[in-house]
Number of protein chains: 2
Amino acid sequence: MKKDLRIIKTQENLRRALLKLLKEKPLEDISITELCRIAKINRGTFYLHYKDVHGVLKDYWETIIADLKESYEEPYYQTNFKIENVQADMIKIFHHVKQYQDFYQIIFSEKTPMFYYYQLFETVHSFVRDSFNKSLTDDNKNLKVEFLISYQTNAILGLLLEWHKQDYETSVELLNEQLIYSIRLGK
Amino acid sequence: MKKDLRIIKTQENLRRALLKLLKEKPLEDISITELCRIAKINRGTFYLHYKDVHGVLKDYWETIIADLKESYEEPYYQTNFKIENVQADMIKIFHHVKQYQDFYQIIFSEKTPMFYYYQLFETVHSFVRDSFNKSLTDDNKNLKVEFLISYQTNAILGLLLEWHKQDYETSVELLNEQLIYSIRLGK
DNA sequence: AAAGATATTGAACACTCGTTCATTAATTAT
DNA sequence: ATAATTAATGAACGAGTGTTCAATATCTTT
């Protein structure tokens, strides 16, 4: 029981149209009517799938988050130093954001709802937790670990927002250095 | 040269109407037309002052931020321990958010634009910087201080978002304890 | 290949939006 | 108090919104 081809076609057309329009104008200026005109679908059909223009973006967002989770699973260079171990995986996040920079420029802009921030937070949070579980010995763990995890997640998200403000000029490597410095503080 | 009374009256009516409507329904469901009907002002007049419903909220937001800055200026209990010194002022933030809980519930909700978060960040950031300047001796300062300040700001904002998610159930005191614990990490 | 299921279409509806403009009303300055 | 200034009003506009419904087109199942 797979999805109806017509649905897939409609959604693909809408996503394509949105990405095309986003190169011309900000999200707020894109009307449903215009989006449907470009996508060559009826406006009524739009409402069968989405509530508003953001709905189409959220769909795309899900694939991006899925891609982030996937790239986290992949192996990456690991040093022997404990602190770096905990944090080595996090550079993947920076590479991911850099890769989808055009998208994150929208996600982090002032007019965009907090929704995306929260979802990214949850994702990064699960990464940090995972890293902790990998590198902590049992006697190393304590009740405050949960708290540390959140703390570090906030540090990462904060770095990303700062990066956004600087228009993604800092290199991924420097960003990662800053993060490692943060983590050393929170050792 | 003060502001025309009619302008003040119009803006007050709009703010009052918005606060009234916000008790009934979420911000997204409030149309300009309805807001004007409640405020008993012409819809055309609305556009002389604001661009959208969020504009009215932003106006109110400015007074709230001003109030936060004011309460930061007021004296507060100071301990003799350095770490607590740096952080003692920050409990004011928690009290402030608790005081305007109804408002922050909106500010931090998924559908609200990042705008408010960024402004709050800047404000808290200036507080943290100020605290550092107060409590750090000159030889204590180094190039990484700026970085520490941002780091701690992120910790505070992260705590606030966490607080929001838990519907502001945690007490201000416990929240402050958690913050002090964070800061001790980042000593 | 035909039948059944379901997605898309187009048209229509009342409504909101953002803007304009001449008219009226309220406020400020003289 | 009067004149000058400026804000608010009401009406109208073209466009977008969100929804409905019967008719049509497309896909899936047998």
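These numbers come from a predicted model, not from an experiment. Each chain gets a letter, A, B and so on, in the order the sequences are listed, and its residues count up from 1.
Between the P atom of D/dG16 and the OH atom of A/Y50 lies a distance of 21 Å, rounded to the nearest Å. A/N13 places its CG atom 10 Å from the P atom of C/dT8, with the value rounded to the nearest Å. Counting to the nearest Å, the C1' atom of C/dA5 and the CG atom of A/D4 are 9 Å from each other. Taking atom CD1 on A/I8 and atom P on D/dT26, their separation rounds to 17 Å, with Å as the unit. Between A/E28 atom CD and C/dG18 atom P the separation is 13 Å, expressed in whole Å. What separates CG of A/D29 from C1' of D/dA15 is a distance of 15 Å, to the nearest Å. In this structure, B/K40 atom NZ and C/dA25 atom P are separated by 19 Å, rounded to whole Å. Between B/Q11 atom CD and D/dA7 atom C1' the separation is 12 Å, expressed in whole Å.
Ranking D/dA7, D/dT9, D/dA25 by closeness to the A/R6 side chain, first place goes to D/dA25.
Between the axis at the start and the axis at the end of the helix from C/dA1-D/dT30 to C/dT30-D/dA1 there is an angle of 40°, using five pairs per end and rounding to 10 degrees.
Looking at heavy-atom distances under 4.0 Å, A/L48 makes contact with a base.
The side chain of A/T10 contributes an N or O atom lying less than 4.0 Å from OP1 or OP2 of C/dT8. Between B/H49 and the phosphate of D/dA8, there is a side-chain N or O to OP1/OP2 separation shorter than 4.0 Å.
Between A/Y118 and B/H164, the ring planes are parallel. Angles under 30° get that label, and only those over 60° would be called perpendicular. Classified by interplanar angle (parallel below 30°, tilted 30° to 60°, perpendicular above 60°), the ring pair B/F103/B/W61 is parallel. The aromatic rings of B/F127 and B/Y72 sit parallel to each other, their planes meeting at less than 30°, with 60° as the upper class boundary.
In this structure, the side chain of B/N154 engages the main chain of B/S150 through a donor-acceptor pair within 3.5 Å. Distance alone, capped at 3.5 Å, places no donor-acceptor pair between the B/S131 side chain and the B/V128 backbone.
A/H125 is listed as a side-chain neighbour of A/R129, based on a closest heavy-atom distance under 4.5 Å.
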Mark up nucleotides 10-17 of chain C, 5' to 3', with B wherever a protein heavy atom is under 4.0 angstrom from a base atom, S wherever such an atom reaches only the sugar-phosphate, and - elsewhere.
-> B-B---SB
Stepwise side-chain contact (heavy atoms from CB on, under 4.5 Å) test for A/H54 and A/L27 | CA-CA 8 Å; A/H54 253 295; A/L27 191 67; 3.3 Å; yes
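Taking the six-membered ring for Trp and the full ring otherwise, the centers of A/Y117 and B/Y117 sit less than 6.0 Å from each other. Taking the six-membered ring wherever Trp is involved, the centroid distance between the rings of A/Y100 and A/Y104 does not fall below 6.0 Å.
Nearest-nucleotide mapping onto DNA chain C: of B/K9 and A/I7, the residue sitting toward the 5' end is A/I7.
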